[in-house]
Amino acid sequence: MAELVGPRLYSCCKCGNNVALHDDIISKAFQGRHGRAFLFSHSMNVSVGPKEDRQLMTGLHTVADIYCCDCREVLGWKYERAYEETQKYKEGKFILEKSKIVKENW
């Protein structure tokens, strides 16, 4: 009997809520507050906090922390605005910290 295999997902490490699809990864070469982080084109089942300007390694950005909708764990942030022209590709994208997510359906 064949098993149905769903999409590869990432879930909140605290409660297991699905927060991103593996296929939406743009880059694995990012740095978060707590180590490595992934840049995603989309995220799901997260809520977005208030916008704030933050000086990051690549310059000044307007970002908003993102939280798991179920347990409210901070998972990373959303890039709202990049001030440097070379960083504009990040606008509207999501950083999820590797330490805050777990793989599902791998």
Side-chain angles (χ1 to χ4, degrees):
M1 179 181 219
E3 287 187 40
L4 293 177
V5 178
R8 293 190 298 174
L9 301 165
Y10 289 95
S11 300
C12 173
C13 68
K14 202 170 191 182
C15 73
N17 186 23
N18 296 333
V19 294
L21 295 171
H22 175 74
D23 289 346
D24 289 337
I25 290 179
I26 295 170
S27 175
K28 293 182 177 180
F30 275 72
Q31 188 67 29
R33 287 189 190 127
H34 308 288
R36 278 188 55 200
F38 301 158
L39 181 68
F40 286 84
S41 58
H42 300 93
S43 189
M44 58 188 165
N45 300 321
V46 295
S47 51
V48 181
K51 297 176 188 177
E52 64 180 56
D53 285 343
R54 231 180 257 168
Q55 187 67 41
L56 303 174
M57 291 171 59
T58 54
L60 183 64
H61 295 79
T62 302
V63 298
D65 285 340
I66 56 173
Y67 305 85
C68 173
C69 279
D70 285 352
C71 71
R72 304 294 297 153
E73 178 78 6
V74 176
L75 302 174
W77 62 84
K78 180 180 181 184
Y79 285 103
E80 298 288 352
R81 182 175 179 203
Y83 291 90
E84 309 255 344
E85 197 59 41
T86 60
Q87 302 300 308
K88 293 280 187 192
Y89 74 96
K90 296 177 185 174
E91 291 181 344
K93 309 294 189 302
F94 299 84
I95 286 288
L96 292 173
E97 301 218 30
K98 189 176 180 202
S99 65
K100 302 286 188 156
I101 55 177
V102 294
K103 296 175 180 179
E104 299 279 343
N105 292 336
W106 289 69

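Just the heavy atoms: all of them, side chains too, but no hydrogens, waters or symmetry mates, feed the values below.
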Show every salt bridge (Lys or Arg N to Asp or Glu O under 4.0 Å) that has at least one partner inside residues 18-47, sequence neighbours left out. Arg33-Asp65
Say you draw a straight line from CD1 of Ile25 to CG of Leu39; how long is it, rounded to the nearest 0.5 Å? 9.5 Å
Would you list the pairs meeting salt bridge (Lys or Arg N to Asp or Glu O under 4.0 Å) in which at least one residue belongs to residues 6-17, sequence neighbours left out? Lys14-Glu73
Evaluate the side-chain proximity of Ile95 to Phe38: yes if any heavy-atom separation is below 4.5 Å, no if none is. no
Give a yes or no answer on whether the side chain of Lys88 reaches the backbone of Ala82 with a donor-acceptor pair at less than 3.5 Å. yes
Which atom of Arg72 lies closest to which atom of Tyr67, heavy atoms considered: O-CD2, 3.5 Å
Nearest non-hydrogen partners of Cys15 and Asp70, listed with the distance: SG-CB, 3.8 Å
Given 3.5 Å as the limit, does a donor-acceptor pair link the side chain of Lys93 with the main chain of Tyr89, or not? yes
More than 12 heavy atoms of other residues, nucleotides or ligands under 6.0 Å from NZ of Lys51: yes or no? no
Roughly how far, to the nearest 0.5 Å, is NE2 of His61 from CG of Leu56? 6.0 Å
Counting only heavy atoms not in Glu85, do more than 12 sit closer than 6.0 Å to its CD atom? no
Going by the rule side chain to side chain donor-acceptor pair (under 3.5 Å), which residues pair with Glu52 if we only count those two or more places apart in sequence or in a different chain? Arg54
Asn105 side chain vs Pro7 backbone, donor-acceptor pair below 3.5 Å: yes
For Cys12 and Leu75, the nearest pair of non-hydrogen atoms, with its separation, is SG-CD2, 4.1 Å
Please name all residues satisfying ring pair (Phe, Tyr, Trp, His ring centres under 6.0 Å) with Phe40, sequence neighbours left out, ordered by chain then number. Tyr10
Partners meeting side chain to side chain donor-acceptor pair (under 3.5 Å) with Asp53 (sequence neighbours left out): Thr62, Tyr83
Apply the hydrophobic cluster definition, ILVMFWY joined by side-chain contacts under 4.5 Å directly or through others, and give me every member besides Met57. none
Determine whether a donor-acceptor pair (N or O, by modelled atom type, separation under 3.5 Å) exists between the side chain of Glu97 and the backbone of His34. yes
Tell me yes or no: between the side chains of Ser11 and Lys103, is some donor less than 3.5 Å from an acceptor? no
